[in-house]
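First comes the structure, then the notes that go with it.
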Amino acid sequence: MTAGDQKKYVGARVSRVDGPAKVRGEATFAAEHDLPGVLHAVLISAACAHGRVSRLDTAAARQVPGVLDVFSHQSDGWNMGKVGGYPRGPAGTSLLPFQGPEISYRGEPVALVVAQTLEAARHAALLVEIEYDRRPHHATLQAALDGPLLARKPLPPLGHSRGKPGRILKHAPHVIERTYDTPVQHHNPMEMHAVIADWDGDERVTIYEPTQWMQSAQGTLAAALGLEPEDVHVVSPFVGGGFGSKATSWPHLLVTALAARVLRRPVKLVLTRAQMFAAVGYRAATRSEYRAALDGPQISALELHAHTQTGPADLFPEQVGMIPKMLYATEHMEFKQTLVQTHAGPNIMMRAPGEASGSFGLEVLMDELAAEAGLDPLEFRRRHHADTDPESGKPFSSKHLLECYDRAAGAFGWERRTPEPGSMKDGDTLIGWGMATAAYPVYASAATARARLHADGRVDVEAGSHDIGTGTYSILAQIAADALGTDLERVTVKLGDSRLPKNGYSGGSRTAGSVGSAVLAAAQGLRQELTDLAVNDPLSPLHGLAPIDIEVRGGALHAGTLRDPLTDILTRAGRDQHETYREIIPSGGGQKELDALKQGQDGMIEAVTDTHARYSFGAVFVEVRVDPDFMTPRVSRIVGAFDIGQVLNAKTAESQLIGGLIWGVSAALHEQGETDPATGLVLNANLADYHIPVNADIGEVRAIALNGHPDFHTSALGARGAGELGIVGTAAAIANAIHHATGKRIRSTPITVDKLLG
Ligand code: MOS
């Protein structure tokens, strides 16, 4: 946008444009698509962590009235092609369903019952008899670390070393060694994973699926079933949360699609809540072993050796080193990561994958080191502020972390903190104040979009991207309305259809910057072309003027007192619409990313480019109140300040940041997958036993998004995204506050009463 343009919506506190449809129940989610003749499927998951199916008897199930078939590895014609698991391939796992009797992980699909009704399918599923030959397994990270080795894989590409940390640690007089653990967490978006597969012949299929990446379904089905990707039409207009679990395709997509092809009827599968704990990835457990050398109040060397859990194949790394490598100015640093295989199923990214778990250890360690150094934890962090990226040596694209510290500390009242643990009380209640730093890498993608103006003034914006609940519909409408000088109400955004202009995975907090910049380019292109029409039209009041002198506002082009409405330009040209399509390469990237996107890959570039290190930053301050007898911690107050570049929508951005902060409370105090090491079963695979905070657990939460710092090294919009940053560091800030309240240093999450009483 050029100076003088309308900037009415971008940055403003705009309510979600899709809100009314959702409130009225008019937003159709995947499983709600009502297809005539649809059959209902129920998936049976392996109750065995490792072994093989020794007996699978479907006779009784087949007797249930309404059952059409029971599919399993015993079915004919279920051989599939090879599918790549994430991160290189489009699927969550390369372990394909029903290819043989082997079981590689607990929860692996073993059979699919399809019936006329859901009731019949569920009843029949209970009658399928399955026995297993069980083999030894490691169901948890701890079991795998303790037990005979399954496989451990060092990850040289993720490692990092600078300076001479080993030598300094060896000779340093003051070395602190600490180990921090984080558990498995399970994504539980409100909307279950679901698929409806509807074939047109044997070669073309429509998939209704809530997804963060439509190309994942296309690529996975194409590879497994030998289809052309464009013959897989994915429809995903609304997604009821994903958090990473819907970033890739899972085996249940394949079995549903194949069943529908065999039966020549549309088939619908909705996973159960329990299956959401087994079949769609999870946040891997991590162990971070630190050694830090202190030279007075300065960290002279830092070493992190991390062990992170993976599934039995594909080895998806929980990137715990991302933030420790770059957050503080430490000249000497080493990071090593080992992947530890387990039979817990394929892990996948989950909101700030690696940054959330990795920041727990780092930010508690910083609190411990500050205490050793005799400094206030905020002051200690300020003294280690990195002016350039310590990992790459490159300048940051834009960094306002010190302002985050100031704003959040000021709003919180940090200067009133007394340093001694247990020194702040309200009556008998122990009060603790803790803080942490947040950072999250800026990813950017190639992106494409189309903008269309109708002669009646309506504007369509089209992008084959997704709104996973973050506000994408709203921000894209705001961007287009501003670029075309029109009212938000006139703009209709279309997302969630694979036939729309191609875009990548909606994750890594990059949709706002990437797809938003493509929409900006398309809308600006549309306006440019309309301007050209006007200045070349003898009947236009703007005829013959230089386009540079023309601005757009109120749905019209303006030059001084001259004015030409956009709709008049179209009408005079005898057109009922005009559309433009634009492709963008990501800032710091090139044609390579755009080509990759067009081939159905992700088209993303990493945070560190040839010229800049690109991160978002934040600071989070927390107050806890702890009952001195029962040691029950409550988070009464959180204030976070965040540097996310240009804020596109103050309301949705704050909502994302607050969501991240609340998840930090969950991580700190509540959340943990409880896996039985003996059987590999997740014992709390339901929302009653898997604890997450409810309203009563959440006190006052305030997220401040800094304004006035657009980052044009990351995107044309200057926006960096807000989806993940809020969770980073928050669990550590709470752990630090609990230490301040109680003097108890708990180095594993969640911080439960038994740990505090122990
Ligand atoms: Mo996210 S874990 O990038 O969906």
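Just follow the structure's listing: the first ligand is 1, and inside any ligand the first atom is 1. Just so it is clear, the model here is predicted, and its values are computed rather than measured.
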Please find out if less than 6.0 Å separates the ring center of His186 from that of Phe277. yes
Gly507 N/O under 3.5 Å from ligand 1 N/O: no
Distance filter under 4.0 Å to Tyr505 heavy atoms, resulting ligand 1 atoms: 1 (Mo), 3 (O), 4 (O)
Passing option when Leu476 is tested against Val515, Asp467, Val17 for side chain to side chain contact (heavy atoms under 4.5 Å, CB included): Val515
Enumerate the atoms of ligand 1 whose separation from the nearest heavy atom of Glu724 is less than 4.0 angstrom. 1 (Mo), 2 (S), 3 (O)
Tell me, which protein residue and heavy-atom name are nearest atom 3 (O) of ligand 1, and how many Å apart are they? Gly508 N, 2.5 Å
Number the atoms of ligand 1 from 1 as they appear, then name those within less than 4.0 Å of a heavy atom of Met350, with their elements. 2 (S)
What about Gly244: any of its N or O atoms under 3.5 Å from an N or O on ligand 1? yes
Just checking Tyr473 against Phe238, ring centres under 6.0 Å apart? yes
Take the angle between the ring planes of His709 and His400 and call it parallel below 30°, perpendicular above 60°, tilted in between. parallel
Going by atom types only, do Thr140 and Thr675 share a side-chain donor-acceptor pair under 3.5 Å? no
Is there a nitrogen or oxygen of Ser509 sitting under 3.5 Å from a nitrogen or oxygen of ligand 1? no
Looking only at distance, does Arg351 have an N or O less than 3.5 Å from an N or O of ligand 1? no
Any sub-3.5 Å donor-acceptor pair from Glu108's side-chain atoms to Ser104's backbone N or O? yes
Does ligand 1 have an atom that lies less than 4.0 angstrom from a heavy atom of Ala247? no
Can you name the closest pair of heavy atoms from Ala408 and Gly640 and give their distance? CB-C, 4.3 Å
For atom 4 (O) of ligand 1, what's the nearest protein heavy atom and its distance? Gln212 NE2, 2.7 Å
